[in-house]
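Notes for the one structure printed next.
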Protein chains: 2
Amino acid sequence: MKIRFLNEDKIPRQSLDQGTEAQRKSVQEIIDQVKKKGDEAVRFYTEQFDGVKLESLRVTDDEVDAALLELDEELLAILQEASNNIRSFHEKQVQQSWMTTEENGTLLGQKVTALDAAGIYVPGGTAAYPSSVLMNAIPAQVAGVKRIVMVTPPGRDGKVPAGVLAAARLAGVREIYKIGGAQAVAALAYGTETIDPVDKITGPGNIFVALAKREVFGIVDIDMIAGPSDVTVLADDTAVAHEVAADLLSQAEHGELSQANLVTTSRSLAEAVQKEVKLQLNELPRHEMARVAIEEHSAIYVAESIDEAVEAVNQIAPEHLEVQTENAMELIGKIRHAGAIFVGRYSSEPIGDYFAGPNHTLPTSGTARFSSPLSVDDFVKKSSIISYSKAAFDEHGSKVAKFARLEGLEAHARAIEARYRS
Amino acid sequence: MKIRFLNEDKIPRQSLDQGTEAQRKSVQEIIDQVKKKGDEAVRFYTEQFDGVKLESLRVTDDEVDAALLELDEELLAILQEASNNIRSFHEKQVQQSWMTTEENGTLLGQKVTALDAAGIYVPGGTAAYPSSVLMNAIPAQVAGVKRIVMVTPPGRDGKVPAGVLAAARLAGVREIYKIGGAQAVAALAYGTETIDPVDKITGPGNIFVALAKREVFGIVDIDMIAGPSDVTVLADDTAVAHEVAADLLSQAEHGELSQANLVTTSRSLAEAVQKEVKLQLNELPRHEMARVAIEEHSAIYVAESIDEAVEAVNQIAPEHLEVQTENAMELIGKIRHAGAIFVGRYSSEPIGDYFAGPNHTLPTSGTARFSSPLSVDDFVKKSSIISYSKAAFDEHGSKVAKFARLEGLEAHARAIEARYRS
């Protein structure tokens with residue numbers, strides 16, 4: 001892990017993986033086929049990519065019951081507690097409809113309505129993520145979405161991991177399909193014989209899932225285009241090197257493209273963390289993946305002042321930010337861009353991944369400049385309400401007509417004036 | 001305008017124009033060139049598409065001053081009043097940061113931060129839209145965005161319409177470039193020598209602008225992919241036929257692809273509106289465009305009950321909905337999908353386009369199923385805050401480690417356990 005100096009080195013801007021031409025073509029082809037052939041195409045690609053010929057696409061209640069029995073009770077209790085924490089945090093995000101009234105009879109407002117149906121993508125692959133189920137399904141449920149559909153790729157045995165199914169049950173998801181990849185995204189967006197279309201698709205996935213989500217954006221809504229995960233630790237000399245190193249490595253184990261940065265005002269911490277990362281890395285089961293992430297995508301930046309360090313953080317716009325400094329809470333007012341901010345020594349990033357309550361679906365690849373954590377807001381939409389009384393109309397109608405004519409829209413002016421001759 | 005019966009006819013689902021292969025290729029080429037060659041490419045395409053060779057891309061303060069003098073005072077006062085109404089409505093959308101605390105020292109929260117920089121696209125073409133300037137710039141300003149950049153294509157004379165510049169001045173926008181099309185979107189997303197990149201691009205445009213926004217989505221945020229405008233009027237026999245007809249036509253004059261529907265429980269209103277549309281259409285300056293919109297994309301639907309009519313409206317998910325029925329306000333609880341709802345006889349749709357206050361940038365093409373009006377929310381993003389005390393960590397740390405191991409993420413568990421040995 002290299003040490004760099006902010007007064008000499010520039011921080012490279014992260015860029016979003018937009019896929020190769022071949023990947024984009026392949027995704028477009030898959031979507032076209034699912035649009036045309038429905039279930040048949042979904043089965044075909046599931047056999048091709050997941051290596052399994054499915055009898056039924058849908059997971060039965062019996063399969064979920066069996067999964068619950070498979071899980072040990074202590075784990076189930078932890079899942080339940082995490083799920084309570086997530087629900088309680090997201091309940092605070094619920095927005096109310098509101099209105100304003102004026103004496104002349106004008107009423108203006110904003111009505112909040114839940115989406116009819118949401119689709120949740122839960123990745124399979126190298127690790128099974130029950131936490132993804134909770135983090136996507138619970139906000140949808142709190143928002144009041146009536147139909148929540150989960151898709152997740154099956155293993156070679158045609159099964160979905162027990163932890164994922166248990167989490168689905170806890171989160172109240174009853175419509176689950178064992179399909180993944182671009183074919184699952186297409187099925188959710190356009191519908192097939194067995195799967196009704198949804199209004200929004202959320203959840204992380206590989207590059208094919210990301211490209212498919214981009215492709216169907218507009219037909220349905222999507223949460224965001226997720227890239228590789230990243231963390232930045234902002235620390236001074238009060239931080240504990242082996243803890244910082246362990247936190248960096250927890251991010252690095254997600255994949256070769258993961259990024260784990262330290263920005264620090266302390267040269268000695270920089271060196272100590274560098275040493276600890278090397279040491280701990282060798283002991284990790286996923287050390288090969290983590291090593292690529294650490295050596296090729298991560299860096300330690302040494303700053304001359306805390307302000308320079310904070311500015312570097314804003315430039316990185318990290319997905320996860322840990323602030324391990326003296327008076328850490330006082331710094332968060334200066335932090336403009338970060339998906340989630342973990343404050344103080346005991347707020348190790350995995351606490352947010354699984355348990356604390358805030359969402360772990362966060363803006364990656366520097367998109368915290370303009371994106372937010374997944375939230376209840378993602379599962380509602382708003383309608384404006386405009387109600388003018390006759391008095392309000394008489395007062396303002398002619399101004400509207402004049403404005404319309406300024407824009408060259410005569411029929412707009414006449415719509416107002418049609419009320420004059422009644 | 002054809003009359004259809006809901007018990008016989010299905011409502012066609014609107015679909016988003018995703019452009020032709022040639023249009024997509026052309027947009028990708030333009031973006032690539034602007035990324036590589038910056039201003040040079042922007043100038044090249046401005047000459048090619050707008051037919052004007054620009055000395056300077058930026059609009060000077062003198063040009064804006066001149067525009068203000070050009071506009072008549074009454075119009076300026078109306079623009080000012082509209083701008084006050086828009087500001088006052090959007091100020092009610094401002095969300096607060098919040099936090100929760102627990103006795104064990106846990107602090108969780110959500111911090112709201114304005115975007116650093118927003119880019120606003122204002123269309124040129126057949127009509128100049130000062131209202132677009134107000135509707136995009138004011139929410140950004142209310143959100144607290146420090147840098148607001150406006151782009152708009154120049155006329156053949158190299159100028160921007162006076163109304164557009166006056167609106168920019170009223171809304172406090174000082175950085176304006178006379179560029180449009182995909183080249184303007186690319187310049188805002190990637191930056192050039194003279195234009196710094198922004199974090200989000202909002203505002204309507206033609207198919208090239210829409211495709212370019214889709215292409216840069218993820219590099220920057222975008223508001224939505226806007227399609228042709230549409231209105232649906234929900235009416236019973238208390239509605240006034242010539243007013244309903246005038247409202248439908250005001251939407252139809254936007255362009256050949258516009259859609260204007262009437263859904264009514266009254267057969268006689270259906271017939272009267274049909275007659276009135278025919279009559280009024282002949283008198284319109286833009287009657288050719290409006291005729292195509294009315295004849296090819298619009299319809300009158302007759303329902304057997306108000307519930308059937310409301311369900312049809314939800315299926316259409318209109319951008320603009322007028323409710324012209326008895327006790328109109330009582331119906332809005334049943335309406336799940338609409339960008340803006342205009343309640344009662346005097347709430348003619350143009351009042352919302354220009355004056356009332358709520359945003360006129362609304363979800364089109366049925367996307368009101370999952371999208372919201374442009375709002376202050378579009379110009380802020382959120383960061384989660386997680387702060388665990390030592391007591392909270394001691395209570396819950398081991399559960400987090402166990403959950404992490406369930407997901408096969410050993411380094412996550414060790415990040416927690418690193419705190420044990422300190």
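A note on names: the letters A, B, ... follow the listed sequences, proteins ahead of strands, and every chain is numbered from 1.
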With distance as the sole test, does [X] use its side chain to make a donor-acceptor pair with the main-chain N or O of [Y] at under 3.5 Å?
X        : Y        : result
A/Ser250 : B/Ala411 : no
B/His396 : A/Phe355 : no
A/Lys92  : B/Thr100 : no

What part of [X] is in contact with chain B, defined as an atom under 4.5 angstrom from a non-hydrogen atom: side chain, backbone, both or neither?
X        : result
A/Ser389 : backbone
A/Leu76  : neither
A/Val198 : backbone

* To do: For the residue pair A/Tyr346 and B/Phe393, categorise the inter-ring angle as parallel (less than 30°), tilted (30 to 60°) or perpendicular (more than 60°).
  =>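 Taking B/Phe393 first and then A/Tyr346, their aromatic rings sit tilted (interplane angle of 30° to 60°).
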
Could you tell me which non-hydrogen atom of [X] sits nearest to which non-hydrogen atom of [Y], and how far apart they are?
X        : Y        : result
A/Phe89  : B/Gly109 : CZ-O, 3.6 Å
B/Tyr388 : A/Ser347 : N-OG, 2.7 Å
A/Pro358 : B/Ile385 : CG-O, 4.4 Å

* **Per-residue contact mode, B/Asp394 against chain A (heavy atom under 4.5 angstrom)** =>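 No part of it gets close to chain A.
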
* chain B: which of A/Lys390, A/His287, A/Lys111, A/Lys200 shares the most heavy-atom pairs with it under 4.5 Å? ->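 Heavy-atom pairs under 4.5 Å are most numerous for A/Lys390.
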
* Which of A/Ala338, A/Pro363, A/Gly344 touches chain B most, by non-hydrogen pairs under 4.5 Å ->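 Max contact count across the listed options: A/Ala338.
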
Do [Y] and [X] meet the salt-bridge criterion of a basic N to acidic O distance under 4.0 Å?
X        : Y        : value
A/Asp221 : B/Arg369 : no
A/Arg286 : B/Glu410 : no
B/Asp72  : A/Lys402 : yes
B/Arg414 : A/Asp247 : no

* Ring-ring centroid check B/Phe217 A/Phe217, cutoff 6.0 Å ->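 So the answer is yes for these two rings.
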
